[in-house]
2 protein chains.
Amino acid sequence: MNIGDVAKASGVPAKTIRYYEDIDLIRPQRGENGYRHFRETDLHKLAFLGRARALGFSIAACRVLLALYEDEGRSSSEVKAIASEHLQEIDRKIADLSDMRDTLAELVESCAGDNRPDCPILSSLARKVG
Amino acid sequence: MNIGDVAKASGVPAKTIRYYEDIDLIRPQRGENGYRHFRETDLHKLAFLGRARALGFSIAACRVLLALYEDEGRSSSEVKAIASEHLQEIDRKIADLSDMRDTLAELVESCAGDNRPDCPILSSLARKVG
DNA sequence: CTTGACCTTCCAGTTGATGGAAGGTCCATG
DNA sequence: CATGGACCTTCCATCAACTGGAAGGTCAAG
């Protein structure tokens, strides 16, 4: 399969696939014409990567996950550890965003949104103290 | 005030303050020795920026907010519009992260996390369909 | 006069792609 | 056999918003 085929099949854009090869996530073979040639396993890896990235795993984490995926002698605890850590990271992000959200929602609600200049949002951003 | 002073007072790192000057968010004066010299208004702007960034506003949004902040003839509706849009963006992000979180939490829960290689997390990432 | 804490500029790196230019290849059609 | 369009290639630049570090100037205290 050429890059366009795997792109379609895996849902990972061709541009991104080239990038993944660049950073050694995948190693497609090359044809005589210089075209990348993808085997089934490459396609599987790309689909795997696409799903892992969709779950928010970093490229570094994907690299480890992919290695574990290919390592028959792995322990599921290794995988679980990575996923758990990532889950915590996501929870942290959600918590941070929720804090922002609450503050922002309050400010937006308190703002008249009319043609007068007085604005609690700006006042809050410009406030002298905590 | 020198950059170190405003950094301390505003909570914005010196490095970041230089960057903000670089992208024309602030325009501190210069002393004869080449040092940046910050006035009260600069400090206010930096604190403003620090709070806006902490609420997740992009630099582009901050630029507009800062302009509105300094424009006596503004309408609060302009400010509210920017904040509302940002609020929606945050809500979108939270929703996305929550989806990831739920999927991930399910997977983590279903994984034994022992020394055997079988792992629902990897199976899910490697799944053929759906 | 030296030491150390400041300050300066400039260049590179981070994360994870994405856009685009310039050019080679392949295949179907005329 | 030529030509056109859809592929493919590489390489370089760009995005956000900083951050780190090197090399060197300045200032105040002891």
Side-chain angles (χ1 to χ4, degrees), chain A residues 1-38 42-43 45-46 48-66 85-86 89-90 92-93 96-97 100, chain B residues 1-38 42-43 45-46 48-66 85-86 89-90 92-93 96-97 100:
Chain A
M1 303 168 91
N2 283 344
I3 197 166
D5 306 316
V6 276
K8 214 167 292 179
S10 69
V12 179
K15 209 75 176 167
T16 304
I17 295 174
R18 291 196 194 96
Y19 169 68
Y20 285 172
E21 183 189 21
D22 222 55
I23 62 174
D24 279 325
L25 268 180
I26 51 164
R27 299 172 185 282
Q29 299 175 321
R30 293 292 177 132
E32 290 182 2
N33 54 10
Y35 284 22
R36 290 170 184 81
H37 177 69
F38 297 83
D42 294 319
L43 174 56
K45 278 199 202 180
L46 283 171
F48 184 101
L49 285 169
R51 293 193 198 97
R53 294 286 302 130
L55 284 179
F57 284 104
S58 69
I59 293 289
C62 287
R63 210 180 286 277
V64 180
L65 288 173
L66 213 45
E85 195 165 336
H86 179 47
E89 180 65 30
I90 288 181
R92 247 174 277 136
K93 279 187 187 165
D96 287 352
L97 283 173
M100 282 184 197
Chain B
M1 301 169 90
N2 283 344
I3 198 167
D5 305 318
V6 276
K8 215 167 290 179
S10 69
V12 179
K15 208 81 176 164
T16 304
I17 296 174
R18 291 196 193 95
Y19 170 67
Y20 284 172
E21 183 188 21
D22 223 53
I23 62 174
D24 280 324
L25 269 179
I26 51 165
R27 300 172 186 281
Q29 298 175 319
R30 292 292 176 134
E32 291 183 1
N33 54 11
Y35 285 22
R36 289 170 184 82
H37 177 69
F38 296 83
D42 295 317
L43 175 55
K45 279 200 201 180
L46 282 171
F48 184 101
L49 285 169
R51 293 193 198 97
R53 293 289 299 129
L55 282 180
F57 285 104
S58 69
I59 293 289
C62 286
R63 212 180 285 277
V64 180
L65 287 173
L66 214 44
E85 195 166 335
H86 179 46
E89 179 65 29
I90 288 180
R92 248 174 276 136
K93 280 187 187 165
D96 287 353
L97 283 173
M100 283 185 197

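Residue numbering restarts at 1 for every chain, and letters A, B, ... go by the order of the sequence lines.
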In whole Å, I'd like the distance from the [atom1] atom of [X] to the [atom2] atom of [N].
| X | N | atom1 | atom2 | answer |
| --- | --- | --- | --- | --- |
| Leu49(B) | dA16(D) | CG | P | 16 Å |
| Leu25(B) | dA16(D) | CG | P | 12 Å |
| Glu32(A) | dT9(D) | CD | C1' | 16 Å |
| Lys8(B) | dC6(C) | NZ | C1' | 11 Å |
| Leu46(B) | dC18(D) | CG | P | 12 Å |
| Ile17(A) | dC8(D) | CD1 | C1' | 13 Å |
| Lys15(B) | dG13(C) | NZ | C1' | 12 Å |
| Ile26(B) | dC18(D) | CD1 | C1' | 14 Å |

More than 12 foreign heavy atoms under 6.0 Å from CZ of Arg27(B): is that the case here?
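Count not over threshold, so no.
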
Step through the shown structure and confirm whether more than 12 heavy atoms of other residues, nucleotides or ligands are within 6.0 Å of CZ on Arg30(B).
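Counting other residues, nucleotides and ligands, CZ of Arg30(B) exceeds 12 neighbours.
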
Between [options], which one does the side chain of [X] approach most closely?
| X | options | result |
| --- | --- | --- |
| Ile59(B) | dG19(C), dA17(C), dA17(D) | dA17(D) |
| Arg30(B) | dT9(D), dT18(C), dT9(C) | dT9(C) |
| Thr16(A) | dA17(C), dT19(D), dA17(D) | dA17(C) |
| Tyr20(B) | dT9(C), dC18(D), dT19(D) | dC18(D) |
| Asn2(A) | dC18(D), dT9(D), dC8(D) | dC8(D) |
| Ile3(A) | dC8(D), dT8(C), dA17(D) | dC8(D) |
| Tyr35(B) | dA17(C), dC26(C), dC6(C) | dC6(C) |
| Tyr19(A) | dG16(C), dA17(D), dT8(C) | dG16(C) |
| Arg18(B) | dA17(D), dT8(C), dT9(D) | dT8(C) |

Taking the nucleotide of DNA chain C with the closest heavy atom to each, which residue, Ala60(A) or Asp5(B), is nearer the 5' end?
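Its nearest nucleotide being more 5', the pick is Asp5(B).
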
Quick one: on DNA chain C, does Phe57(A) or Glu21(B) contact a more 5' nucleotide (nearest heavy atom)?
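First, find each residue's nearest nucleotide; the 5'-ward one identifies Glu21(B).
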
Looking at Glu21(A) and Arg18(A), is there a salt bridge between them, counting it only when a charged N and a carboxylate O are closer than 4.0 Å?
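Judged by the 4.0 Å cut-off on N to carboxylate O distance, Arg18(A) and Glu21(A) do not form a salt bridge.
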
Within the structure, does a side-chain N or O atom of Arg36(A) lie under 4.0 Å from either OP1 or OP2 of dT9(D)?
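So the side-chain polar atoms of Arg36(A) do come within 4.0 Å of the phosphate oxygens OP1 or OP2 of dT9(D), strictly under.
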
Indicate whether OP1 or OP2 belonging to dC26(C) is found under 4.0 Å from a side-chain N or O atom of Asn33(A).
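Answer yes for this pair, as a side-chain N or O of Asn33(A) is under 4.0 Å from OP1 or OP2.
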
Pairwise side-chain contact, [X] with [Y], heavy-atom cut-off 4.5 Å (strictly under):
| X | Y | value |
| --- | --- | --- |
| Thr16(A) | Leu49(A) | no |
| Met100(B) | Leu97(B) | yes |
| Met1(A) | Asp42(A) | no |
| Ile59(B) | Tyr20(B) | yes |

Considering non-hydrogen atoms only, spot the tightest contact between Ala14(A) and Ala7(A) and give its length.
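For Ala14(A) versus Ala7(A), the nearest heavy atoms are N-CB, 3.8 Å.
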
Divergence of helical axes at both termini of the helix from dC1(C)-dG30(D) to dG30(C)-dC1(D) - five pairs an end, 10° steps:
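End-to-end axis angle: 30°.
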
